Peer 1: 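Have a look at the structure that comes next, please.
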Amino acid sequence: NTEKLNRIRGIASREFRLDDGRVVRAPVLSLEAGVITEAAMEHAAREGLVFATDPTSAWACTIGGNIAENAGGKDCVLWGTCIDNIVSFRIAMPSGGTWTVRRANHQLRKILPEDLVRFEVADERGALVRTVELRGSEIRKKGLWKDITNKALGGLPGVQKEGTDGLIGSAEFILYRAYPCSRTLCLEFFGPSFDEASEVIQEIARAMPNRGEEALSALEHFDDEYVRAIGYRTKAPRPETPKAVIVVDVVGHAPEQVERGVAAIRAILAGHGSTHLAVARDAAEARRFWADRKKLGAIARRTNA
């Protein structure tokens, strides 16, 4: 039980050497494994920063659990899952020793398939136990992202092992500067199948590779089972409930960049007649769009689906 390991130690600026030779500074959040994820997110947000690991259960899950599951969430489309954002963590091993696992070459962004990712594992005396090198393509499958089938991850302790190889005690995570401008969109898909929703997701991913000025910071999908379970209120002027729903955040450094992103999604939807697009008018309506996602964690109380 790690409930009492609940201290957020703070945010500090650190130097990182990138693969292109540049040395840059970035904010790092240090905290204990029992901290609730939502508390970490709120702590970062007060400084205008983003704690990017944002699973649906953020109101209840913990930092140690996020590492053990390699948790993702709506923001992983831009910043990756937990493994992308770890700087280091401490893990108590069955032998009784404590290891520190540290990312040796953090690039301050999501891991790409062609990246070589290096972790160093040291014991309590600081002696190197092992170095683990992974290609981005070993961490997630290209085009499919998180690969939950590769549990070993080259012998990397703790991450994605579901708590089977040690007890995580504390961790450090990279934080990102929040984009100043954003728009939230809700896409509703009607019709007999999920085909159109699948096609639209792929087209949006191709249209917004997240390496330009406008970016897709969040994308969350739920199907008709969840739509019915949460009593979803349809936004389109149609009597039936949608077959699928996607909530999207488009972000940028300026309003015109965000509008370009929204326009790109509108252009994609022009070829899909069974889809309705609703654009949040303000921050309050954006929160209501995302509130439907937050209800998903409560479904287990009512159904085994």
Side-chain angles (χ1 to χ4, degrees), residues 1-8 29 31-46 49-86 89 91 110 139-140 144-149 151 153 158-176 178 184 186 217-232 244-249 286-305:
N1 187 316
T2 61
E3 285 181 351
K4 292 186 179 180
L5 297 177
N6 59 5
R7 290 180 298 171
I8 298 177
L29 176 64
L31 69 181
E32 294 180 344
V35 171
I36 300 298
T37 305
E38 195 168 65
M41 296 169 65
E42 290 170 352
H43 187 90
R46 286 195 288 270
L49 301 169
V50 176
F51 182 84
T53 302
D54 176 25
T56 302
S57 56
W59 58 275
C61 68
T62 63
I63 297 302
N66 290 343
I67 296 172
E69 298 291 337
N70 188 16
K74 68 182 179 64
D75 289 327
C76 69
V77 67
L78 180 57
W79 287 303
T81 59
C82 194
I83 193 172
D84 299 71
N85 302 306
I86 289 170
F89 63 92
I91 178 169
K110 185 176 183 176
I139 294 170
R140 57 176 63 94
L144 296 177
W145 305 111
K146 183 177 174 182
D147 179 8
I148 60 172
T149 66
K151 293 292 185 184
L153 289 175
V159 179
Q160 207 164 281
K161 304 303 188 299
E162 300 183 351
T164 60
D165 64 346
L167 179 66
I168 296 163
S170 62
E172 296 176 323
F173 282 81
I174 197 74
L175 301 178
Y176 302 95
T184 298
C186 180
S217 77
L219 187 151
E220 192 77 15
H221 156 268
F222 32 98
D223 62 19
D224 54 348
E225 291 283 348
Y226 292 106
V227 164
R228 288 194 294 272
I230 67 175
Y232 177 81
V245 177
I246 299 175
V247 184
V248 173
D249 278 349
R287 285 193 294 271
R288 286 197 293 273
F289 283 10
W290 279 112
D292 287 324
R293 170 186 178 266
K294 295 294 184 182
K295 296 174 185 176
L296 300 185
I299 288 176
R301 292 201 292 264
R302 300 193 301 274
T303 176
N304 290 324

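Because the structure is a prediction, the values reported are computed rather than measured.
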Peer 1: Report yes if some heavy atom in the side chain of Thr37 is under 4.5 Å from a heavy atom in the side chain of Asn66; otherwise report no.
Peer 2: yes
Peer 1: So, using side-chain hydrogen bond (donor to acceptor under 3.5 Å, both in side chains) as the criterion, who are the partners of Thr62 when residues are at least two apart?
Peer 2: none
Peer 1: Write down the atom of Thr184, the atom of Phe289, and the distance for their closest heavy-atom approach.
Peer 2: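 The pair with the smallest heavy-atom distance is CG2-CD2, 3.8 Å.
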Peer 1: Grab the two heavy atoms, one from Asp165 and one from Gly158, that are nearest each other, plus how far apart they are.
Peer 2: OD2-N, 3.1 Å
Peer 1: What distance separates Glu220 CD from Asp54 CG, expressed to the nearest 0.5 Å?
Peer 2: 8.5 Å
Peer 1: Tell me whether Asp84 is salt-bridged to Lys110, with the criterion being a basic N under 4.0 Å from an acidic carboxylate O.
Peer 2: no
Peer 1: Closest approach of Asn6 and Glu32, non-hydrogen atoms and distance?
Peer 2: N-OE1, 3.1 Å
Peer 1: I would like to know whether Thr81 and Arg140 meet side chain to side chain contact (heavy atoms under 4.5 Å, CB included); could you show each step before the answer?
Peer 2: CA-CA 10 Å; Thr81 59; Arg140 57 176 63 94; 3.3 Å; yes
Peer 1: Which residues satisfy the side-chain hydrogen bond (donor to acceptor under 3.5 Å, both in side chains) test with Glu162, sequence neighbours excluded?
Peer 2: Lys151
Peer 1: Please round to the nearest 0.5 Å and tell me the distance separating atom CD1 of Ile8 and atom CZ of Phe51.
Peer 2: 9.0 Å
Peer 1: Could you tell me the separation between the CD atom of Glu69 and the OG atom of Ser57, rounded to the nearest 0.5 Å?
Peer 2: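 Glu69 atom CD to Ser57 atom OG measures 9.0 Å (nearest 0.5 Å).
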Peer 1: Sequence neighbours left out, what passes side chain to side chain contact (heavy atoms under 4.5 Å, CB included) with Ala171? Give chain and number order.
Peer 2: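 Once residues adjacent in sequence are excluded, the partners of Ala171 under the side chain to side chain contact (heavy atoms under 4.5 Å, CB included) criterion are Ile63, Ile67, Phe89, Phe173.
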Peer 1: Name all residues meeting the side-chain hydrogen bond (donor to acceptor under 3.5 Å, both in side chains) criterion together with Ser217; count only those two or more places apart in sequence or in a different chain, and write none if there are none.
Peer 2: none
Peer 1: Work out which heavy atom in Cys186 is nearest to a heavy atom in Val245; give both atom names and the distance.
Peer 2: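 Distance-wise, the nearest heavy atoms are SG-CG1, 3.7 Å.
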Peer 1: With rounding to the nearest 0.5 Å, note down the distance linking CG in Leu31 to OG in Ser170.
Peer 2: 8.5 Å
Peer 1: Mind checking what makes side chain to side chain contact (heavy atoms under 4.5 Å, CB included) contact with Leu49, not counting sequence neighbours?
Peer 2: Ile11, Pro27, Ala44, Glu47, Leu175, Arg177
Peer 1: Drop me the distance from Asn70's CG to Ile139's CD1, to the nearest 0.5 angstrom.
Peer 2: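 That separation rounds to 8.5 Å.
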Peer 1: If you measure from CD1 on Ile174 to CD on Glu172, what distance do you get to the nearest 0.5 Å?
Peer 2: 10.0 Å
Peer 1: Can you see which heavy atom on Ala68 is nearest to which on Gly163, and at what distance?
Peer 2: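 Closest approach of Ala68 to Gly163, heavy atoms only: CB-N, 3.8 Å.
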Peer 1: Could you report the tightest heavy-atom contact between Met41 and Thr53, atom names first, then the distance?
Peer 2: SD-O, 4.2 Å
Peer 1: List the steps, then state whether side chain to side chain contact (heavy atoms under 4.5 Å, CB included) holds for Thr2 with Leu167.
Peer 2: CA-CA 9 Å; Thr2 61; Leu167 179 66; 4.0 Å; yes
Peer 1: Is a donor on one side and an acceptor on the other found under 3.5 Å between the side chain of Asp249 and the backbone of Ala218?
Peer 2: no
Peer 1: Determine whether Leu153 and Gln160 make a side-chain contact, defined as any pair of heavy atoms from C-beta on separated by less than 4.5 Å.
Peer 2: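 Sidechains of Gln160 and Leu153: in contact.
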Peer 1: Output all residues satisfying side-chain hydrogen bond (donor to acceptor under 3.5 Å, both in side chains) with Asn85, sequence neighbours left out; order by chain, then residue number.
Peer 2: Tyr176
